[in-house]
Asks: 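Quick one: the structure is below, questions incoming.
Read the numbers this way: they start at 1 and go in the same order the structure lists the ligands and their atoms. These numbers come from the heavy atoms of this one structure, side chains and all, not from hydrogens, waters or symmetry mates. Counting from 1, the numbers follow the sequence of the chain as shown. None of these values were measured; they are calculated from a predicted model.
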Amino acid sequence: LMLLTRKLIEIRSILLSIGEEAGLTLPSIVVVGSQSSGKSSVLEAIVGREFLPKGDNMVTRRPIELTLIHTPATPSNPRPTTFAEFPSLGPGHITDFGLVQNTLVDLNLSVPAEQCVSDSPIQLRIHSPHVPDLSLVDLPGYVQVASMDQPEELKDKIAALCDKYIRSPNIILAVCSADVDLANSPALRAAKKVDPLGMRTIGVVTKMDLVEPAQGAAILSNNRYPLALGYVGVVCRAAKQHSRSLLKRSNGASDEGSLVGPIRAQEEAFFGGNGEAFSREGLQVGTDTLKKRLMHVLEESMASSLHSISNAVALELEEATYQFKVQYNDRTISAESYVAETLDLLKARIGALGKSFAKKDVRRLLKSSLDEQVLDLLASQYWIDQRAPELGTLANDRSVSPEELDVYWHRKLDALSSSLTKSGVGRAATQLVVDAIRARLATLAREEPLLYHPDAADRIAATADAILRERFTLTSDQVENSVKPFKYEVEVEGREWEHGRLEAVGLLERELGMCDSALAKIRDAVGGRKLRGAMEYVAEIEEKERRRKERRREARAAGQEDWDELEEDLADPTRPAFNPALLAKAREAMFLSSRSSILRLRVLALKSRRCKAGPEQKAFCPEAFLNVVADKLSSTAVQFINIELLVEFFYQFPRDLDNRLSHDLDRAEVLRFARENPVIAQHLALQDRKEKLELVADKLDSLVKLQRDKAQQQNPR
Ligand code: GDP
């Protein structure tokens, strides 16, 4: 039968890792008792080691799922060592029980103080030749009187936590102190609520040495609170003469169950010395008796659970298998393969991204940015020039040669060209490409599969940024250097000129189209007549204003400082009143229509025979010339951006990603990453559940067979 308990304890931990569904739990022994009832001492006596956190402050904030695994001496291992392990902290055999104690303190303190207690159990396994196969749960002690540092809330939370654990099929180990009236034991009271007949409750009466033997014996045989499994009296901690330091010294030094010595001796001496009181029929005393009792009770309880748990597991497995077939067509996946696939996908996307940054694409990007810059320059320097129409007329009048053209226009063109070439093309172009790469990566981060992995996406962005940052200055300096000659002179060939001229026509026509449609929009919104009226009105005001300024200037020139302003009444009573919003629209419309007419003139000029003639006519056709300059700047810049930035970046980036995303991940991180994707998380969860259920079902099957064989041997037909 021993084997059964052991196997079922093993199965119990697997089931625990699947989840806490009803029907899928195997019994464990749950230890409850009020604070200072001696709960820890009993547990330590069972284990034979001092390993639980002590202290006045309540440090037990989480249940401890304690699994004891008996490791018998074998010929190959005549002196098995005693060691502990925390499965949640990974594999590791701890032989220093002081370390176990400290680890438990840390794990308890991981629950924030304001939360008081937590449901999430600490798993602890202890392997030893001195322990029986047992599965125990240590719970925070009941608080009896609320106080400053142990508020009412804590009291209730602990009671609720205990209530959760003392449910069937668990066995309740109710720890009470002999020197406290059993009627006051919160452990017994709670047990009675869920197990009124006392069928699965064992009473442990501690501190038997603190009461008279006769009184102690009376407590153990008490029938005020009868328990089918009875009471066991123990002495787990030697009374005053044995100080803690003595216990400490004996702890951990040898591999024998170190607490056992002095305390067990004390206990034996106590019960042996009071033989006449405790030898009565049916009285159970001593830690060894308790251990045997627990083993027996757990065994019976496990055995009786065997069939029901096998059935429950079989049912769950059937369901899981069905779901796995239906949802995933029995396809198994692994977190590792998901990570590898994701990385491959990512690298493929980055490869595609690299291709979309071919030279011609980058050149187009740079050119269109420079085109905008040129248009801005033209708008602010040329088109608002009062003399711009005059230049347009000259384009069609071939009697004036470029040499005869007013030097004003030559200077203007030089100024525009140099403000374009000296505008910091190196930096701007590099920034433009860097921004474009970053924007594309940001889009990538918002799509599957990165969508599910914000941390990874951040890391990818940081990896990209690191490379871009490293290349930035070098690239921008190189580009700036390469465009240097254009700052002094731009040589233009006939073919380039024609190309630039056509591009300029295209750009201006686009501008003209936008201008006209904006104008039409205003006209539609306001109404044609109303707009015309308002525009006339604005023109009139502006004209009057202009005249007023002129008169004032003349008056000043004539020394008439005190020229009296002639108040002219602008309001005409026969006109409708115009509201400020309408006037603003009218002003906008006037601007647009004058811009539209200058653009029309400029398009005509660019299409004139003079502009078609060639680059020597550039002063007449600044738009064409600046377009050629922009074209030269962008095609020169792109060479260096390509070499210094793009080639480097798209070479380095996937390699860095490999290092930062896959090589550095340990198993837990791989799992966490895979589970960030909800689809994968669900798939993995079901797969894991199914696999564990299969394992458990297998183990249970062989146990059931074993039991049947045994039964047959015992009762052969
Ligand atoms: P817990 O708070 O329920 O875990 O109780 P502890 O195991 O820490 O014990 C509380 C106090 O009772 C400690 O000072 C122990 O030394 C003492 N104690 C525990 N068991 C016995 C016992 O059998 N006899 C005596 N005299 N003292 C005990």
Asks: Quick check: does Ser36 get an N/O under 3.5 Å from an N/O on ligand 1?
Replies: yes

Asks: Between ligand 1 and Lys207, is the shortest N or O to N or O distance under 3.5 Å?
Replies: yes

Asks: At under 4.0 Å between heavy atoms, is it the side chain or the backbone of Val42 that contacts ligand 1, or both, or neither?
Replies: neither

Asks: What part of Ser177, side chain, backbone, both or neither, has a heavy atom within less than 4.0 angstrom of ligand 1?
Replies: neither

Asks: Taking all atoms of both residues into account, what is the closest heavy-atom pair of Ser310 and Leu700, and its distance?
Replies: CA-CD1, 3.8 Å

Asks: Checking Leu703 against Lys699 for the side-chain contact (heavy atoms from CB on, under 4.5 Å) test, could you report, in this order, the C-alpha distance in whole Å, the side-chain angles of both residues, the deciding distance, and whether it holds?
Replies: CA-CA 6 Å; Leu703 282 182; Lys699 286 177 186 268; 5.7 Å; no

Asks: Ignoring hydrogens and angles, state whether a donor on the side chain of His127 or Glu85 is under 3.5 Å from an acceptor on the partner side chain.
Replies: yes

Asks: If you measure only the distance, is there a donor-acceptor pair under 3.5 Å linking the side chains of Lys690 and Thr321?
Replies: no

Asks: Quick test of your reading of the model: are Glu336 and Arg667 salt-bridged, counting only N-O distances below 4.0 Å?
Replies: yes

Asks: Checking side-chain polar atoms at under 3.5 Å, does Asp133 have a donor or acceptor matched by the opposite partner on Thr5?
Replies: no

Asks: State if Gly141 counts as touching ligand 1 under the rule of any non-hydrogen atom under 4.0 Å.
Replies: no

Asks: For ligand 1, note which part of Leu52 has a heavy atom under 4.0 Å away: side chain, backbone, both or neither.
Replies: neither

Asks: Are any of the N/O atoms in Gly38 less than 3.5 Å from those in ligand 1?
Replies: yes

Asks: Measure the distances from the heavy atoms of Gly33 to every atom of ligand 1 and state whether one is below 4.0 angstrom.
Replies: no

Asks: Are any of the N/O atoms on Val235, whether in the backbone or the side chain, positioned under 3.5 angstrom from an N/O atom of ligand 1?
Replies: no

